[in-house]
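What follows is a short report on a single structure.
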Amino acid sequence: MPIRSIASIATVLACATAAHAGALTVSIDGVEDRGGTFYISIQSEAEFMKQKGTAGDVISNIEAGTFSKSYDVPAGRYAVSIWHDENGNGVFDTEETGMPLDGWAMSGNALTGPPTFDDVAVSVPAEGNAVRLAMSYHR
């Protein structure tokens, strides 16, 4: 491989590494052992409220208490959304009024209605950040 190609690849890799944050540490308080599936999603504005995210986890049989994990993400703004699909039906269950029946949490400001990205966004600079969320269970 020519030296110029190797140098180009090294430059691209160095730039890609520089764009990553140290980590976004997500801590979730008040997790309840209710069975089902626990979803953690870290989403950019373009991904917000969609099925895919920049990072996250799907956890079966999560333990009660506090859950904490760090995720490497590029520097930027993200929404952190938690969904505890207690009955494992793959549907975010709500009452007729729209109030959630499944356990949930979101980063950012307290919500008084449907969330917007700006309501829940967390900044993640190159050196990383941490966010703490509290689960809400309504049934």
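What you see is a predicted model, and the numbers here were worked out from it, not measured in a lab.
- A 4.5 Å side-chain heavy-atom check between Val31 and Tyr137 finds at least one atom pair inside the cut-off.
- In this structure, His138 and Trp104 have parallel ring planes: the angle between them is below the 30° cut-off, well short of the 60° mark.
- Shown here are the ring pair (Phe, Tyr, Trp, His ring centres under 6.0 Å) partners of Phe67, two or more places apart in sequence or in another chain: there are none.
- The closest side-chain heavy-atom distance from Val131 to Leu24 is below 4.5 Å.
- In this view, Asp102 and Arg139 satisfy the salt bridge (Lys or Arg N to Asp or Glu O under 4.0 Å) rule, not counting sequence neighbours.
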Item to check | Derivation and outcome, side-chain contact (heavy atoms from CB on, under 4.5 Å), residues Ile62 and Asp33 | outcome: CA-CA 6 Å; Ile62 193 158; Asp33 181 6; over 6 Å; no
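- Under the 3.5 Å distance criterion, the side-chain polar atoms of Glu86 are matched with a main-chain donor or acceptor of Gly103.
- Residues passing the side-chain hydrogen bond (donor to acceptor under 3.5 Å, both in side chains) test with Thr97, sequence neighbours excluded: Glu95.
- Closest of all the heavy-atom pairs between Gly53 and Gln43 is CA-CG, 3.9 Å.
- In this structure, Tyr39 has its ring center no closer than 6.0 Å to that of His84.
- Of all non-hydrogen atoms in Ala105 and Met135, the two that sit nearest each other are CB-SD, 3.9 Å.
- Looking at heavy atoms from C-beta onward, Thr54 lies in side-chain contact with Tyr78 at the 4.5 angstrom threshold.
- Although no hydrogens or angles enter the test, the distance criterion places a donor-acceptor pair under 3.5 Å between the side chain of Asn129 and the main chain of Ser123.
- Between Leu133 and Ile82, the closest side-chain pair of non-hydrogen atoms falls below 4.5 Å.
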Next on the checklist: What verdict does the side chain to side chain donor-acceptor pair (under 3.5 Å) test give for Ser60 and Thr37, after you've listed the backbone C-alpha separation in whole Å, the side-chain angles of each residue and the deciding distance to 0.1 Å?
Outcome noted: CA-CA 5 Å; Ser60 297; Thr37 307; 4.7 Å; no
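- Under the rule for a side-chain hydrogen bond (donor to acceptor under 3.5 Å, both in side chains), the partners of Thr66 that lie at least two apart in sequence or sit in another chain are Asp29.
- At distances below 3.5 Å, not a single donor-acceptor pair connects side-chain atoms of Tyr71 with backbone N or O atoms of Val26.
- Counting only residues at least two apart or in different chains, salt bridge (charged side-chain N to carboxylate O under 4.0 Å, His left out) contacts with residues 40-63 comprise Asp57-Lys69.
- Closest approach of Ser27 to Ser68, counting heavy atoms only: OG-OG, 3.0 Å.
- Looking at heavy atoms from C-beta onward, Phe48 lies in side-chain contact with Val120 at the 4.5 angstrom threshold.
- Taking every heavy atom of both residues into account, Ile28 and Phe38 meet most closely at CD1-CE2, 3.9 Å.
- Here the OG1 atom belonging to Thr116 is positioned 10.0 Å from the CE atom belonging to Met49, to the nearest 0.5 angstrom.
- Nearest heavy-atom pair, Met106 versus Ser81, reported as atom, atom and distance to 0.1 Å: CE-OG, 3.1 Å.
- In this structure, Thr94 has no side-chain hydrogen bond (donor to acceptor under 3.5 Å, both in side chains) partners at least two apart in sequence or on a different chain.
- Minimum interatomic distance between Ala55 and Val73 (heavy atoms only, all atoms of both residues): CB-CG1, 4.0 Å.
- Residues Asn87 and Asp93 are in side-chain contact: their nearest non-hydrogen atoms beyond the backbone lie under 4.5 Å apart.
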